[in-house]
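Computation of the quantities below employed the complete heavy-atom set of this structure, encompassing side-chain atoms and omitting hydrogens, waters and symmetry-equivalent molecules.
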Amino acid sequence: MRLRSEIFVSALTRQVFNRGGYAAIEYKGAESAGAIYLRQRFRDGLESLYAPAPQTVFGEDEAETRLFECRFDRVEPAAIDDFIARERRFDPDLWLVELEIDEIGDLVSVVG
């Protein structure tokens, strides 16, 4: 069984804080199965956005895990704001979690 979105986000934010970073929930989505987007902010003002990976990249043994793909890599914040606004019109139950940490590859599984 897949971990509920609220539990995954809670555990992720704790891990970020434990590593000396900062995490905040910008949009709280559906507690059980809302799609989770991760907004990584850098000191230079640029940002990256990680979105749920498409189902086509999941193997049979990965159905219970959460995989992410990088949709935007070190872009201006306005590009991510625009994208999230469009996604929220389509899916108002999504989560947007802001992370201020240098590396997230060891916190979540990133494909591609």
Side-chain angles (χ1 to χ4, degrees):
M1 180 174 205
R2 189 177 211 182
L3 199 58
R4 292 173 53 97
S5 295
E6 67 177 332
I7 295 171
F8 179 87
V9 169
S10 177
L12 177 63
T13 57
R14 277 191 218 123
Q15 287 180 321
V16 171
F17 281 118
N18 284 341
R19 294 177 184 202
Y22 172 79
I25 299 170
E26 287 190 47
Y27 298 115
K28 183 178 179 181
E31 293 179 353
S32 61
I36 300 170
Y37 290 78
L38 307 175
R39 179 180 207 156
Q40 183 181 17
R41 296 182 188 259
F42 298 98
R43 291 182 181 106
D44 61 4
L46 299 178
E47 299 180 358
S48 293
L49 182 72
Y50 297 87
Q55 293 294 323
T56 56
V57 301
F58 283 81
E60 288 183 29
D61 58 334
E62 296 174 316
E64 304 302 319
T65 62
R66 291 194 184 267
L67 300 176
F68 294 87
E69 68 175 354
C70 186
R71 290 276 180 95
F72 294 93
D73 188 25
R74 298 186 77 91
V75 299
E76 293 295 327
I80 293 176
D81 290 337
D82 292 342
F83 177 80
I84 291 296
R86 287 191 308 273
E87 286 296 307
R88 288 195 73 213
R89 282 193 294 272
F90 175 73
D91 180 9
D93 289 329
L94 68 80
W95 291 75
L96 180 60
V97 182
E98 175 186 332
L99 306 173
E100 291 182 9
I101 193 163
D102 292 331
E103 181 60 44
I104 69 165
D106 56 339
L107 294 171
V108 296
S109 298
V110 179
V111 296

Check your understanding: Yes or no on side chain to side chain contact (heavy atoms under 4.5 Å, CB included) for Phe8 and Val108, after CA distance, side-chain angles and deciding distance?
Key -> CA-CA 10 Å; Phe8 179 87; Val108 296; 4.0 Å; yes
Review point. Which is it for Leu99 and Leu107 under the side chain to side chain contact (heavy atoms under 4.5 Å, CB included) test, yes or no, and what are the steps along the way?
Key: CA-CA 11 Å; Leu99 306 173; Leu107 294 171; 5.5 Å; no
**Study point:** Tyr22/Phe17 under side chain to side chain contact (heavy atoms under 4.5 Å, CB included): CA gap, chis, key distance, verdict
**Key:** CA-CA 6 Å; Tyr22 172 79; Phe17 281 118; 4.0 Å; yes
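When all heavy atoms are compared, the tightest approach of Glu87 to Tyr37 is OE1-OH, 2.9 Å. Across all non-hydrogen atoms, the minimal contact from Arg43 to Asp102 is NH1-OD1, 3.2 Å. Between Arg71 and Ala51, the closest heavy-atom pair is CG-CB, 3.5 Å.
With sequence neighbours left out, the salt bridge (Lys or Arg N to Asp or Glu O under 4.0 Å) criterion links Arg19 to Asp106. Residues satisfying the side-chain hydrogen bond (donor to acceptor under 3.5 Å, both in side chains) criterion with Ser48, sequence neighbours excluded, are Asp73.
In terms of hydrophobic clustering, with Ile, Leu, Val, Met, Phe, Trp and Tyr side chains grouped at heavy-atom distances under 4.5 Å, Val75 and Leu49 are assigned to a common cluster. Both Trp95 and Ile104 are assigned to one and the same hydrophobic cluster, defined by single-linkage of ILVMFWY side chains at heavy-atom distances under 4.5 Å. Hydrophobic clustering of Ile, Leu, Val, Met, Phe, Trp and Tyr side chains at less than 4.5 Å, counting indirect connections, keeps Phe83 apart from Phe68. Linking Ile, Leu, Val, Met, Phe, Trp and Tyr whenever their side-chain heavy atoms come within less than 4.5 Å puts Tyr50 and Ile101 in one cluster.
For Arg88 and Tyr27, the positive end sits near the middle of the six-membered ring, less than 6.0 Å away and at most 45° from its axis.
Once rounded to the nearest 0.5 Å, the distance linking CG of Leu3 with OG of Ser32 reads 11.5 Å. Note that CG of Leu12 and CD1 of Ile7 are 13.5 Å apart. Values are rounded to the nearest 0.5 Å.
A 4.5 Å side-chain heavy-atom check between Val16 and Glu100 finds every atom pair outside the cut-off. Proximity of Ser10 to Arg14: side-chain heavy atoms (C-beta onward) are separated by under 4.5 Å at one or more points.
When the options Arg66, Glu31, Lys28 are evaluated for a side chain to side chain donor-acceptor pair (under 3.5 Å) with Ser5, the one that passes is Arg66. Of the listed residues (Ile80, Leu38, Ile36, Ile84), just one forms a side-chain contact (heavy atoms from CB on, under 4.5 Å) with Leu96, and that residue is Ile84.
For the side chain to side chain donor-acceptor pair (under 3.5 Å) condition, the pairs that include at least one residue of residues 76-86, sequence neighbours left out, are Arg39-Asp81.
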